[in-house]
Structure formats: C-alpha cells, structure tokens
Amino acid sequence: MKIFRFRGGIHPEGNKDPTACHPIARLPLPKRLYIPLQQHIGEPAAPEVKVGDHVLKGQRLARHQGSVSAPVHAPTSGTVIAIGDHMAPHPSGLPVQTITLEPDGEERWVETEPAVDPFSLTRAEVAARVRDAGIVGLGGAAFPAAVKLDAGNRHPIDTLIINGGECEPYLTCDDRLMREGAGYVVEGVRLIANGLGAKRTVIAIEDNKPEALEAMRVAAAAHPGISVLRVPSRYPMGSEKQLVTTVTGREIPAGKLSAEIGVSVHNVGTALAVCRAVRFGKPLVSRVVTVGGGAIRNPRNVVVPIGTPAADLVEFCGGFTVTPTRVLMGGPMMGQVLPGLEAPVVKGTSGIIALTAAEAHAASERACLHCGRCVDVCPVGLVPLELAARVRAGRIDDAAELGMGDCLSCGCCAYVCPAHLPLAHLFNYAKGEIAARREAQRKAEETRKLAEARRLRLAAEAAAKAARRPARTTEKAETES
Amino acid sequence: MTTWTPNRSPVAAPHVHGRANVPQVMRTVLLALLPATATGVWLFGWPALNTVLLAIAGCVAAEAAALAIGRRPVGHTLADGSAVVTGLILALCLPPWAPWWLALLGGVFAIVVGKQVFGGLGQNVLNPAMLARVALLVSFPLEMTAWVAPQPLFSAASPGLVEGLAITFGGGPLPDAVSSATALAPLKLGGDFAAGEALLALALGTVPGSLGETSALALLAGGALLVARRIVPWQIPAALLGTLAVLAALFNQIDPAHYPGPLLHLLGGSAMMCAFFIATDPVGAPVTPLGRAIFGAGIGALIYVIRTWGGYPEGVAFAVLLMNAATPLIDRLVRPRRYGRLRTGAPLPLAPKEDGR
Amino acid sequence: MTMILSVAVVAALGLGLGWLLGLASQWLGATTDPVVERLTEALPGSQCGQCGYPGCGQAAIALSKGEAPVTLCPPGGRVVAEKLAEILGTTFDPGNLPDRGPLLARVRTDYCIGCSRCIKSCPTDAILGATKQLHVVLEEACIGCGACAEVCPTGGIDLEGIPVTLRNWRWHKPGVGHA
C-alpha cells in the first residue's frame with residue numbers, strides 16, 4: 001500500500017521503552033473519584049444524581065445536553081458525596097463542575113444489555129449506543145465519537161482510518177492496548193466501519209511499534225476489509241490531518257471535516273471502547289493511562305477508573321525519584337501542564353508524565369537567528385518566525401492573515417527552535433486573542449442591532465404620542481363647544 | 001516521597017525541546033571553520049594568526065561595548081558566540097599580513113555598523129562581515145589587496161613569532177618580493193588559466209589570497225560538516241555553486257580564451273567560503289527552501305557577473321550584500337503552500353465525489 | 001551647450017514623471033469613504049454616552065477633528081481603539097487604556113425597588129422587568145456601559161468583570177504579566 005509524505009515534522013526522542021515493556025497494570029480502587037461533567041469538547045453534561053445517592057458501576061451520572069456533548073457514568077459503585085467545583089485537569093487550574101464519588105469497594109455493575117449480534121445493528125443504533133456509552137476520542141482531543149459517526153451518515157465515507165500512530169514521545173498506552181487487546185480493538189474497528197459504512201479500513205501504526213503491528217496484523221488477518229499499515233515514525237503522524245494525508249494522499253480542505261472528503265479517523269482506544277459499548281453494553285468508565293517520565297520511579301501503563309486523582313497514579317507507580325520540573329497530562333509535545341496532583345484523570349487523559357529538568361532540555365531564550373528551521377518542520381506550511389514576530393508586536397490581525405488560524409499547535413517549531421523562543425505559547429495566545437476579538441466583534445454587531453431597534457422603538461413611541469396629542473386637543477375643543 | 005509543587009503560571013506545550021541552541025550552532029560553525037583557519041595560519045605564518053585574533057578581539061570588544069551602552073545583558077548575549085563567528089569570518093576574508101588596525105577596525109565596523117545599530121543578533125539586514133569587508137575594500141584598497149605568497153610556518157621564508165608581530169604591528173609596507181597577485185587576477189588580466197597544477201594549488205590553498213579562503217578543500221570539509229549537521233541548509237551552497245559553475249561553463253564554451261572554466265571559478269577566490277559560511281548566515285537569508293535556492297542562485301550569478309565584467313577581481317561581498325537586501329522580498333513572495341489550501345490561500349476545493357449524493 | 005541640454009533633459013524628466021504620478025494618483029488612488037463615516041461604523045453605535053459625547057456620531061466627529069483620543073470608548077475596549085487608530089492613521093498606546101476587560105451590570109436583588117429607570121436608560125434594552133418588579137440584566141445584550149448604574153436611585157446596580165471560566169480562559173502572552 002502506498003504511503004504519502006506530509007510536509008515537515010520532527011523526530012523527537014521517543015522515550016517509550018520504560019513503559020512499553022511492562023504489561024498494563026490495574027490500579028486498586030482509589031478512595032475518592034472526581035468525575036468532571038465536562039470531559040469532552042462541547043456542552044457539559046447535566047447531573048442526574050443528588051448528593052447522598054448510591055450509584056452502581058456504569059450508571060449514568062449526568063446526561064448529555066446539546067448536539068455535541070457526552071454523558072458521564074459512574075466508574076464504580078458507591079455514594080455521591082458532593083456535586084460542585086473541583087480542580088479541572090486544565091493548565092489554568094480553574095474549577096469545573098464535578099461529581100465526587102466515594103467507592104463502596106463492591107464494583108457492582110448496573111444491569112447492561114449486550115447486543116445479540118452487534119453487526120446486525122443499524123448505523124443509527126451503533127451511533128446511539130456509542131453516544132449513550134459516553135465515548136469520546138481517546139487520543140486526547142476528546143471529541144464525542146457519536147458526532148463523528150453521525151457526520152459519517154451525512155457524508156459517504158470510503159476510508160476509515162484507525163489511528164495507532166501514537167507519535168507523542170513517552171506515551172505507550174495505545175501500543176500496549178494493541179498488543180494486549182488486539183482482538184477487541186479489531187472488533188471495535190469493525191463495528192465503527194459498520195457504523196460508518198466505510199468501504200475500506202486502514203489501521204495505521206508507526207514503525208516504532210513492531211509488536212503492536214504484528215499483534216494487529218494477526219488479529220485483522222481474518223477480515224479482508226481491514227489492512228494494517230506500517231507508517232513512518234514522524235511527529236505529528238497521529239494528527240488527524242497528517243494521518244489522512246499519509247494514508248490517502250488527500251488533504252482536508254481548510255475549514256472542512258475529514259468526513260467531507262470521505263475519510264473518518266478514530267483512535268485505537270476509542271475502537272476498544274466502542275467494542276465494549278456495542279458488544280457488552282458497557283459505558284466508558286475507565287481507560288489506560290501511561291504514567292511515565294524520568295521522575296517516576298516505576299513508569300508503566302495503568303488501567304484507571306475515570307476520575308482518579310493524578311496523585312493516586314503517581315503513588316501507585318512508586319512516586320517521584322526527583323522533583324519533576326513539570327507534570328503533564330498527555331504527551332510532552334501537545335500535553336498540558338497539570339495544575340496540581342488533585343486533578344483527576346478524564347476520558348481524554350492519555351498519560352501522566354513527570355519530566356525532569358534534564359529531559360526537557362530547557363534553555364534561556366535568545367534572539368531569533370532567522371534560521372528557518374521552524375519553517376522546515378511546520379507540517380502546515382506556516383512561517384512561524386514571521387507569525388511570532390507579529391504576535392510579539394501585538395499585530396494579531398496580521399498574524400491571522402498569515403495563517404495563524406491554521407496552526408495545529410503541534411509544537412514542532414518550538415521543539416526545533418535553537419533560540420528557544422516560546423513559539424507555540426505565542427501562537428496559543430494569538431489564537432485565544434483572535435477568538436476573543438471575534439467574540440467582541442460579534443457582541444459589537446449585536447449591540448448595534450439592539451441600539452438600532454431601541455432607536456426605532458423610541459421613535460415609534462414618540463410618533464404615536466405626537467399623533468395622539470393633537471387628536472385629544474381637538475376632542476376637548478369639540479366637547480367644550 | 002519526593003513532592004512536587006505545581007507552577008502557578010501555566011506554560012504551553014511542547015514541554016521537551018530538541019538539543020539545538022544558539023551557542024551550540026555557533027560552536028559548530030567555529031568548528032567547521034577550523035580546517036580553513038588552520039590551513040591559513042599554516043600557509044601564511046604567524047602574522048595570519050595575529051590577524052585572526054585581532055579581528056575576533058575587535059568584534060567581541062565592540063559587541064560588549066554596544067551591549068553595555070544599550071543596557072542589555074552583556075555576558076549572556078556574548079555567550080551566544082555570534083561575535084566570535086563574525087570576527088573569524090571577517091579575518092578569513094582579510095589579507096593574511098594585514099596591519100593590526102585593519103583587522104581591528106574591520107571587526108568593530110562589522111559589529112557596530114553591521115549588526116548592533118540594527119538591534120543585535122538576528123535583526124541585521126546585511127551580513128556584518130561582508131559589510132566590513134566592503135567598507136575596508138573601498139576605504140583601504142591598497143592594504144586590502146596586499147596579497148602575499150604562501151610561506152608555510154617554520155619554512156625558511158616564514159617570519160618568526162617576533163617578526164610576525166613586527167609585520168602586523170610595524171605598519172611598514174610589505175617587501176615587494178612577497179607581494180603577489182591573487183589566483184583570480186588572470187580573470188581580469190586575460191592570462192592562461194588553469195592547468196591541472198594550478199587547480200591543485202587552488203584546492204590545497206597554496207596560492208596567494210585571503211587568509212582563509214585559499215584552500216577550497218579545507219572549506220569544503222568544514223562546509224560538509226555544517227550541511228551534514230543541518231546547521232546550514234543545503235539549498236544555498238548547492239544553488240550558489242551550481243549557478244556559478246553553469247554560467248562559467250556556458251561562457252567557457254562560447255570563448256575559452258576569454259572566460260575561464262567552472263573549476264577555476266569554484267576553487268579560486270572566495271566562492272567556497274561564500275557558499276558554505278557567508279551566504280549561509282541565516283540572519284540575512286530567506287527561510288523557505290525555494291527562497292534559499294533563489295538566494296543562492298542569485299549570489300552565484302552576481303559573483304560571476306562581477307568577477308567577469310565588474311571592476312573588482314572578486315565580487316563575493318557585493319553579491320552577498322545585494323542578495324541580503326533582496327531577502328525580505330524573497331521571503332514575502334516565496335511562502336510554502338499551507339495544508340488544505342491553494343497557493344493563493346483559498347481553501348482547497350472539495351473534489352466531486354464519484355458516488356456523490 | 002551640454003549644460004543647457006542636461007538641464008532641459010532633467011526638467012523634461014521631472015515634468016513627465018510628475019505628470020505620470022498625477023495620473024497614477026487619479027486612476028489608482030484608493031477611494032476612501034469619509035473618515036467620520038468609517039469612525040461611526042467602527043464605534044459600537046449604542047449611543048451610551050460613556051465617552052462624554054451625546055452619541056457615537058458626535059464622538060466620531062470629535063475623533064476626526066482630533067479632539068478626542070481613540071481610547072474614548074469604554075465599552076468598545078481595545079479592539080475598537082485599535083480600529084479607530086487604524087482609521088485615523090495614528091498609533092495607539094494600549095497603556096493609556098484602563099485594562100479592566102469587559103464588564104457586566106448586575107442588579108442587586110435586595111436593593112431593586114422596581115422603579116424601571118434603568119430599563120429606560122439602557123441603550124441596548126438589556127434589562128428586563130416591569131414596574132414594581134425585580135429587574136434582570138440579560139448578559140448577552142449588556143455592554144457594561146454603566147448608564148443604568150448611574151440612574152439607579154438605590155445604587156443597586158453593580159458593574160462586575162466577567163468571571164474567568166474554562167470556556168473563556170485564554171493563554172496569556174508569554175513574557176507579559178502572570179510572572
């Protein structure tokens with residue numbers, strides 16, 4: 001099968017060996033679980049339980065609201081002890097509406113209904129089960145999976161791509177999942193393919209995971225519609241746009257969805273969750289998390305219930321050997337800093353990575369040499385040094401014109417910059433500023449409309465008054481006479 | 001258990017970084033210049049070493065003074081090593097037995113006028129070393145073209161350490177016996193160019209010429225290191241040398257008696273030095289692959305034109321400065337195509353689907 | 001003779017080029033709409049009077065005469081100030097602008113006497129309620145101009161900043177603030 005090359009990209013040190021060699025471990029039940037109601041892109045879920053309620057494992061705690069949303073389920077049986085603010089797993093450290101659950105230790109499942117033959121289900125039924133199970137993209141973006149399946153119903157999908165790239169350094173949760181659960185992953189893949197009506201399915205795995213490739217090849221051998229594709233290890237291979245190009249040679253036009261060019265991309269972890277949901281009727285209540293980085297004593301992959309505080313994971317893996325400079329959720333290229341170890345694991349958390357100072361290769365910022373390495377590695381084809389200069393100078397509109405909005409935030413530019421400029425940070429700021437301006441613009445237009453409406457109303461009232469007054473005086477005159 | 005206190009100010013990804021940093025880039029460039037520098041000092045003796053040290057001293061002192069006046073961190077900025085690189089490149093372009101004030105003045109001019117008035121590293125439009133070279137060439141044409149024949153270190157004719165100091169600081173005119181014309185002189189004088197022996201001498205550097213520019217092989221070795229380490233993009237040297245060679249071959253075909261062949265152009269004068277060390281200074285070069293190729297080709301063509309029809313025997317400095325000035329234009333016109341968009345910036349059209357709706 | 005010729009040539013060149021320039025400015029010159037119109041366009045148009053002028057139109061006239069700074073419009077904030085500066089071709093120093101971000105009016109439930117004065121004063125009809133009933137501010141429509149707070153007889157309307165949540169949180173500019 002032909003492989004296409006995408007522009008730019010980098011080869012960061014993988015650092016995957018320390019965790020890739022251990023089987024996935026199971027975390028003992030934590031004392032408390034903190035389940036945020038917003039673990040996905042879109043509207044937050046609306047709580048359906050009260051403080052004091054006893055819930056069973058897999059019971060729905062909060063239902064989805066709006067078209068892009070996902071429900072949240074109890075990761076274990078226990079008692080709801082609080083519904084309120086708790087630290088969000090977000091760099092800002094701001095609070096998010098969270099259900100706190102005290103496990104009773106019994107792990108009693110709510111009654112679930114397995115599908116008799118999952119492949120006899122209609123597309124709509126598959127999408128409904130996926131939505132009810134609260135499945136979101138487990139690669140990190142946390143986009144509700146059912147919405148993607150629905151998009152597949154609106155646009156004909158010819159190619160389903162299963163993302164086993166895992167191009168982020170340190171992360172090996174998908175690698176281990178494919179090695180240990182290839183059969184379930186392939187079944188989930190077939191269910192998604194079925195749900196989308198995809199003609200062909202490609203499972204793309206980077207060539208630095210030979211064991212996973214082999215395991216998936218064996219598991220997929222019986223299914224002629226599925227091919228397992230070995231793709232080169234090059235960051236950001238796991239980015240949707242880059243993966244689509246690598247596999248199909250097509251580019252997703254700016255501002256369009258991959259479904260509009262007939263391609264749908266799902267992560268291997270998502271495939272496994274779909275298998276569980278559709279075949280066994282079980283909602284998404286746990287996930288595999290890579291606990292790694294040089295500061296972790298026993299780095300490994302762990303299955304954890306959603307809502308487990310990061311501190312429990314760190315402790316389970318032997319704690320820190322040295323004080324980490326940064327603790328991250330997700331990989332070091334696109335992951336976010338953890339605001340504190342009390343922040344919980346959510347559906348999109350692929351890793352808890354504690355980096356030492358030596359690993360980060362941090363250095364003080366220097367002057368831009370104009371060397372153009374950022375241009376060479378940008379997978380989008382932007383000129384990051386130009387954008388950075390404009391953003392620094394406050395010329396956000398100019399930066400927007402040069403394509404700021406197309407930036408993926410993949411961090412390749414900042415990774416290679418010999419001057420250690422905070423390029424990705426500048427671009428995050430610029431994108432936020434662009435969004436804020438768009439919002440301000442929208443509000444200004446709204447204001448103008450309201451003010452105009454008010455002006456017309458006042459004018460109409462005045463006119464009405466003026467029309468009434470002479471009428472009244474004439475009436476008076478008539479009665480007097 | 002070792003604890004961790006979270007950072008209050010959020011930092012954006014990426015949280016790891018490649019190993020590249022500015023001081024390391026500069027160190028690699030210095031390392032790559034080592035063969036040419038060593039060859040130059042070996043061929044032209046102690047006075048050449050004095051020239052190298054003086055030019056670097058001039059650059060570093062000027063940089064430190066400018067930073068101090070501008071109230072910027074002196075130590076931190078000097079540590080990037082860019083002033084040393086500028087000084088060394090300038091020294092390698094100077095006549096090996098240049099008087100002390102020429103090297104020192106060149107160094108100060110390069111940093112002050114060529115770099116710091118623009119705002120320091122990365123802000124300058126023109127290559128500082130080449131700016132200084134041109135300034136010295138038009139101000140002191142005599143001293144800047146006082147070429148000496150190579151007298152390898154410790155050979156009978158080579159000046160000793162003390163003698164060398166006298167040559168550098170003595171200020172007297174060079175004895176006629178040692179002064180000589182450069183290898184490129186035949187380009188203008190219309191002599192017979194380039195027998196096999198002469199080309200070998202050009203490759204090894206045993207010809208009169210600038211301090212570090214005579215040995216094409218030493219420069220090539222350093223240049224290969226820079227390209228292999230991806231410190232310099234390959235497009236610039238390839239386009240520069242390629243254009244120069246093609247033009248030379250073309251005119252050589254038309255009239256071999258007037259126009260020397262490509263080998264003399266590639267090996268003689270400053271072409272090699274320029275291709276790998278001067279034109280590749282990232283500060284004044286375009287940032288896209290195509291832009292760099294255009295830049296390199298432009299310099300190559302200008303070098304040929306100035307050498308062949310211009311008033312100066314060597315056109316490298318002028319060529320680089322002219323193309324430096326064109327860089328902002330090139331960067332503006334040559335941009336990579338963005339993912340999912342046409343070259344115009346409009347989104348790619350959605351291809352009509354075969355099994356459409 | 002040579003001298004006269006050179007002078008003639010230069011003079012002719014000058015005239016010719018000047019004529020060309022004149023033509024170019026006529027044919028290629030940007031047709032700009034009157035400044036005041038563009039300024040009015042850029043202002044919010046809510047006639048809230050925060051700038052000290054009776055309405056946005058008068059403010060635009062003052063701006064065009066250079067009598068008012070581009071930072072005159074509090075509800076517009078930085079974005080509007082930048083746009084005004086662009087139209088006027090001046091630079092704009094964000095340091096001059098009190099950086100307080102957008103505000104929202106909030107009615108204190110225990111102070112409101114239902115007099116409905118605020119409703120009448122609001123330039124965007126953002127306050128709901130009837131006489132003798134509690135008034136409520138529609139956050140979507142409120143521009144934070146403060147006109148209501150001024151007329152409230154009980155001082156029962158506060159202007160508050162919009163709280164930072166996960167939805168409107170943005171990355172700070174690196175190297176600025178947040179140290």
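First the proteins, then the strands, lettered A, B, ... as listed; each starts at 1.
Looking at Glu251(A) and Arg338(B), no side-chain N of the basic residue comes within less than 4.0 Å of a carboxylate O on the acidic one, giving no salt bridge.
Options Thr288(B), Leu342(B), Asp80(B) differ in how many heavy-atom pairs under 4.5 Å they form with chain A, and the most are formed by Asp80(B). The candidate from His420(A), Met334(A), Met333(A) with the greatest count of non-hydrogen atom pairs under 4.5 Å with chain B is His420(A). Listed options Cys410(A), Gly403(A), Cys412(A) were ranked by heavy-atom pairs under 4.5 angstrom with chain B; first place goes to Gly403(A). Between chain B and the residues Pro332(A), Gly411(A), Ala360(A), the most heavy-atom pairs under 4.5 angstrom are made by Pro332(A). Interface summary for chain B: among Ser92(A), Gly372(A), Ala254(A), the most heavy-atom pairs under 4.5 angstrom belong to Ala254(A). Contacts with chain B were tallied for Ala367(A), Pro324(A), Ser364(A), Ala419(A); Pro324(A) has the most, counting heavy-atom pairs under 4.5 Å.
When heavy atoms are compared at a cutoff of 4.5 Å, Leu328(A) approaches chain B solely by way of its side chain, counted from C-beta outward. With a threshold of 4.5 angstrom between heavy atoms, Leu402(A) approaches chain B through its backbone and through its side chain. In this structure, no portion of Glu342(A) lies under 4.5 Å from any heavy atom of chain B. For Val22(B), the parts sitting under 4.5 Å from any heavy atom of chain A are the backbone and the side chain alike. In this structure, chain B has a heavy atom under 4.5 Å from the backbone of Glu365(A), while its side chain stays farther away. Interface remark: Asp281(B) contributes no atoms to any contact with chain A (heavy atom separation under 4.5 Å). No part of Thr280(B) comes within reach of chain A, as not one of its non-hydrogen atoms sits under 4.5 angstrom from that chain. Looking at Lys256(A), only its side chain comes within 4.5 Å of chain B, counting heavy atoms on both sides. Using a 4.5 Å cut-off between heavy atoms, Leu355(A) touches chain B through its side chain atoms alone. Proximity to chain B is limited to the backbone of Val416(A), based on heavy atoms less than 4.5 angstrom apart.
Rounding to the nearest 0.5 Å places CD1 of Ile261(A) at 8.0 Å from CG of Leu350(B). Atom CD of Glu386(A) is separated from atom CZ of Arg335(B) by 4.0 Å, given to the nearest 0.5 angstrom.
Judged by distance alone, the side chain of Arg366(A) and the main-chain N or O of Asn21(B) form no donor-acceptor pair under 3.5 Å. A donor-acceptor distance shorter than 3.5 angstrom exists from the side chain of His15(B) to the backbone of Gly335(A), with no hydrogens or angles considered. In this structure, the side chain of Tyr339(B) does not engage the main chain of Pro379(A) through any donor-acceptor pair within 3.5 Å.
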* For Val11(B) and Gln336(A), run side chain to side chain contact (heavy atoms under 4.5 Å, CB included): C-alpha distance rounded to whole Å, both residues' side-chain angles, the deciding distance at 0.1 Å, then the answer. => CA-CA 8 Å; Val11(B) 210; Gln336(A) 305 286 13; over 6 Å; no
* To do: Please assess Glu13(A) against Arg19(B) for the test salt bridge (Lys or Arg N to Asp or Glu O under 4.0 Å), listing each intermediate value before the final yes or no.
  => CA-CA 10 Å; Glu13(A) 291 164 50; Arg19(B) 290 178 188 275; 3.4 Å; yes
* Could you give me the CA-CA distance, side-chain angles and deciding distance for Trp4(B) and Leu338(A), then say whether side chain to side chain contact (heavy atoms under 4.5 Å, CB included) is met? => CA-CA 11 Å; Trp4(B) 165 72; Leu338(A) 205 61; 4.3 Å; yes
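Scanning both residues, Val287(B) and Asp376(A), for their nearest heavy atoms gives O-OD1, 4.3 Å. A pairwise comparison of heavy atoms in Cys371(A) and Pro282(B) identifies CA-CB, 3.5 Å as the closest pair. When all heavy atoms are compared, the tightest approach of Ala13(B) to Ala424(A) is O-CB, 3.2 Å.
Aromatic ring orientation, Tyr415(A) versus His17(B): parallel (interplanar angle below 30°, classes split at 30° and 60°).
With contacts defined as side-chain heavy-atom distances shorter than 4.5 Å, the pair Arg373(A)/Val25(B) qualifies. Considering only heavy atoms from C-beta on, His361(A) stays 4.5 Å or farther from Val16(B) through its side chain. Put simply, the side chain of Asp331(B) reaches to within 4.5 Å of the side chain of His370(A), judged on heavy atoms. No side-chain heavy atom of Thr3(B) sits under 4.5 Å from any side-chain heavy atom of Thr323(A).
By the neighbour-count criterion of 12 heavy atoms within 6.0 Å, atom CZ of Arg332(B) is sparsely surrounded, having that number or fewer from other residues, nucleotides or ligands.
Interface with chain A: from residues 224-243 of chain B, residues Arg230(B), Ile231(B) qualify, criterion being any non-hydrogen pair under 4.5 Å.
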